[in-house]
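These numbers come from the heavy atoms of this one structure, side chains and all, not from hydrogens, waters or symmetry mates.
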Amino acid sequence: MPKLLDILEKFPCLPNEKRPMLIRKQDYPTALYPPNDAFTSDNTFTIVTTDTFMLGIYELCPGGVFLPLDIHPGDETYYILNGPVLQRSGNGQFAYLESGEGLWMPEGAWHCCHNFSNEKARILYFITPKAWSEAIPPAVIPSDEETKYYKGANNSTLPDMRGKIHDISRQGCTDDIGCWPPVDHQEARRDGAVYGIRDFEKLNNIHGTKHPMLMRFISSNDYGHFGEFILPAGGYGPRCSDPDVHAGDGALYCIDGPVTVNLVDLQESFILNPEDSFFLPAGTKYQLVNFENKPIKVVFAITEL
């Protein structure tokens, strides 16, 4: 398998060679992160790494944690495939997340993740617009004394986060697309406040009216959009979503399938089984088709709607 640095911003294709592409789960490149200590690493599967976003999965063994703290020059959003997990921020926030829930971490937020369960934890992550600076892991990492936790040595001298974390539990609406969770995203990037997105805190909407499909945003802002498509079963013929096209690059990850991705203009179709993905370069017209007798669920990661 290639090293992460060798494929960074080049998988599944080079930036100047982008094309719609099915990516099977067995073809995801793997790596330990951080790469220099297996005892405090997660098992990472890279799905997409381009010049506009990164999508991947990491696994934590029972009782495991990845260390040291990590940071990105872009926002990172989680979808918990297998939980529970506990995400730790350097500022003293701890988010406990179950399967199907999400987390939005603004650019520049230090973080790590713990698995206190007796099952393997799996997290789908989306980082945009840029996942890494030149140093992997980061060259300068806060010490324990520079972070907040229970009875931390310097808690009293570090910033108080209580007035910087806002309530996000109100009902969402269409006008919230592009600003979810409902906070000032620039302020959050400045203060490092992170937000767990429980199931009832996802932003719900409908994709299309003649052929409605449920959309559930975990995050939606000026950097990117991440959430779930849920397409019900059909009746007389398969259930199809209305065709859509995006101004930015994107990807689909199959949770419950199989699901058919139909490229409308190209007259090509591809079947995604659970854990398969599909890369959608900007401008690709596509629709989802459900030939099953049950709803299908796909996670979407899109840089610009």
Examine distances only and state if a side-chain atom of [X] and a backbone atom of [Y] form a donor-acceptor pair shorter than 3.5 Å.
X      : Y      : result
Asp176 : Cys173 : yes
Asn115 : Leu60  : yes
Asp191 : Ala193 : no
Glu59  : Ala121 : no
Thr46  : Gly56  : no
Ser41  : Asp37  : yes
Thr50  : Thr52  : yes
Asp75  : Pro106 : no
Thr147 : Gly90  : no
His211 : Asp242 : no

Hey, what's the ring geometry for [X] with [Y], parallel, tilted or perpendicular (30° and 60° as the breaks)?
X      : Y      : value
Tyr78  : His111 : perpendicular
His185 : Trp104 : perpendicular
His225 : Phe217 : perpendicular

To the closest 0.5 Å, what do you measure between [atom1] ([X]) and [atom2] ([Y])?
X      : Y      : atom1 : atom2 : value
Ile302 : Phe226 : CD1   : CZ    : 10.5 Å
Leu81  : Leu124 : CG    : CG    : 5.0 Å
Lys285 : Leu266 : NZ    : CG    : 11.0 Å
Thr49  : Phe11  : OG1   : CZ    : 9.5 Å
Phe300 : Leu55  : CZ    : CG    : 12.5 Å
Leu103 : Ser219 : CG    : OG    : 9.5 Å

[X] side chain near [Y] side chain, heavy-atom distance below 4.5 Å:
X      : Y      : result
Met161 : Gln93  : yes
Met21  : Phe278 : no
Ile168 : Val183 : yes
Asn82  : Lys120 : no
Ile296 : Ile230 : no
Leu8   : Trp132 : yes
Thr44  : Thr30  : no
Glu201 : Ser169 : yes

is_close_aromatic(Tyr58, Phe66), centroid dist under 6.0 Å: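 Close enough - the centres of the two rings lie under 6.0 Å apart.
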Check: Tyr96 ring centre within less than 6.0 Å of His114 ring centre: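 No.
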Would you call [X] and [Y] a salt bridge, using N to O less than 4.0 angstrom?
X      : Y      : result
Asp160 : Lys148 : no
Asp167 : Arg170 : no
Lys10  : Asp51  : no
Lys18  : Asp249 : yes
Asp276 : Lys25  : no
Glu275 : Arg24  : no
Arg198 : Glu98  : no

Same cluster (ILVMFWY, side-chain, under 4.5 Å), Ile57 and Leu272: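 No: no chain of side-chain contacts under 4.5 Å links Ile57 to Leu272.
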Contact summary for Glu292 and Ala233, nearest pair of heavy atoms: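 Closest approach of Glu292 to Ala233: O-CB, 3.7 Å.
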Distance-only polar pair, side chains of Asn154 and Glu145, donor-acceptor under 3.5 Å: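 No, because no side-chain N or O of Asn154 sits under 3.5 Å from a partner of the opposite role on Glu145.
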Asn155 versus Tyr149, side-chain donor and acceptor atoms under 3.5 Å: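 Tyr149 vs Asn155: no donor-acceptor pair found between side chains.
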Test log, rule side chain to side chain contact (heavy atoms under 4.5 Å, CB included), inputs Phe291 and Thr260: CA-CA 8 Å; Phe291 285 93; Thr260 298; 3.8 Å; yes
Tyr223 six-ring face occupied by Arg189 cation (under 6.0 Å, within 45°):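 Geometry flag: set, cation within 6.0 Å and 45°.
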Stepwise salt bridge (Lys or Arg N to Asp or Glu O under 4.0 Å) test for Glu9 and Lys130: CA-CA 9 Å; Glu9 301 186 359; Lys130 190 173 179 62; 3.0 Å; yes
Over 12 foreign heavy atoms within 6.0 Å of CD1, Ile271: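 Incorrect, the count does not exceed 12.
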